Amino acid sequence: MTLRKHEGFKVSKRTAIVDFEPESQWHGVEAEVYTSIPFKTLLWFQTAAISEDQQQLIETYKVFARDFLISWNIEDENGEPYPASVDGIMSVDSDLVNTIVMGWIEAVANPPQKSSDGLKDGEPLGEQLMETLASTSTSLGN
């Protein structure tokens with residue numbers, strides 16, 4: 001047993017980009033999101049996102065927009081950007097919003113695993129994580 005004092009570990013907010021495979025109808029959409037969330041919140045989202053209760057589903061989207069959506073590149077038919085906000089979420093195609101939220105839940109629930117040495121076949125860890133996250137977050141976009 002070690003009797004040394006450890007400094008506190010500060011947990012910083014992690015972010016990710018939810019994007020979609022070329023075969024997806026949503027290819028080209030990118031949403032930057034926070035992926036650091038309390039476990040209790042993740043469980044609530046997983047349950048609420050598949051709920052058939054419309055009020056609970058609306059609340060899910062509002063919480064996502066307010067607390068976890070940082071930015072996105074979604075525009076209307078005139079090229080005007082939809083705000084990355086509750087108003088934007090409520091104005092965008094419901095299938096797209098649902099797909100983004102489900103991709104975000106998947107990215108939060110199954111974050112990329114980092115190797116013990118930080119390298120795989122000479123590839124930097126950051127690139128590995130982005131590739132893993134991209135494949136994870138896009139699996140729902142088809």
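Any value given below was found using the heavy atoms of this structure, including those in side chains, with hydrogens, waters and symmetry copies removed. Everything numeric here is computed off the predicted structure, so don't read it as measured data.
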Would you say the side chain of [Y] lies within less than 4.5 Å of the side chain of [X], judging by non-hydrogen atoms?
{"X": "Met102", "Y": "Ile105", "result": "yes"}
{"X": "Asp93", "Y": "Trp26", "result": "yes"}
{"X": "Gln25", "Y": "Leu96", "result": "no"}
{"X": "Ile100", "Y": "Ile74", "result": "yes"}
{"X": "Ile70", "Y": "Tyr34", "result": "yes"}
{"X": "Asn98", "Y": "Tyr61", "result": "yes"}

Discussion item. With a 3.5 Å distance limit and no angle check, can you tell me whether Asp53 reaches the backbone of Ala48 through a side-chain donor-acceptor pair?
Written reply: no
Item to complete: Could you tell me whether the side chain of Asn78 and the main chain of Glu80 form a donor-acceptor pair under 3.5 Å?
Response: no
Distance-minimising heavy-atom pair for [X] and [Y]:
{"X": "Glu30", "Y": "Asn73", "value": "N-OD1, 2.9 Å"}
{"X": "Val33", "Y": "Val18", "value": "CG2-CG2, 3.9 Å"}
{"X": "Leu69", "Y": "Ala31", "value": "CD1-CB, 4.1 Å"}
{"X": "Ser71", "Y": "Ala84", "value": "CA-CB, 3.7 Å"}
{"X": "Ser12", "Y": "Ser36", "value": "O-OG, 3.7 Å"}

How long is the span from the [atom1] atom in [X] to the [atom2] atom in [Y], to the nearest 0.5 Å?
{"X": "Ile89", "Y": "Ser91", "atom1": "CD1", "atom2": "OG", "value": "9.5 Å"}
{"X": "Ile37", "Y": "Arg14", "atom1": "CD1", "atom2": "CZ", "value": "9.5 Å"}
{"X": "Glu59", "Y": "Gln54", "atom1": "CD", "atom2": "CD", "value": "14.0 Å"}

Practice prompt. Indicate the ring-plane relationship of Trp104 and Phe45, choosing parallel, tilted or perpendicular according to the 30° and 60° boundaries.
Written response: perpendicular
Worksheet item: Which is it for Val63 and Phe68 under the side-chain contact (heavy atoms from CB on, under 4.5 Å) test, yes or no, and what are the steps along the way?
Response: CA-CA 8 Å; Val63 170; Phe68 302 105; 4.2 Å; yes
Practice prompt. Start with the C-alpha gap between Thr99 and Val29, add the side-chain angles, then the distance that decides, and say whether side-chain contact (heavy atoms from CB on, under 4.5 Å) holds.
Written response: CA-CA 11 Å; Thr99 303; Val29 170; over 6 Å; no
Fill in: Polar side chain donor-acceptor pair, Asp87 to Tyr82, under 3.5 angstrom
no
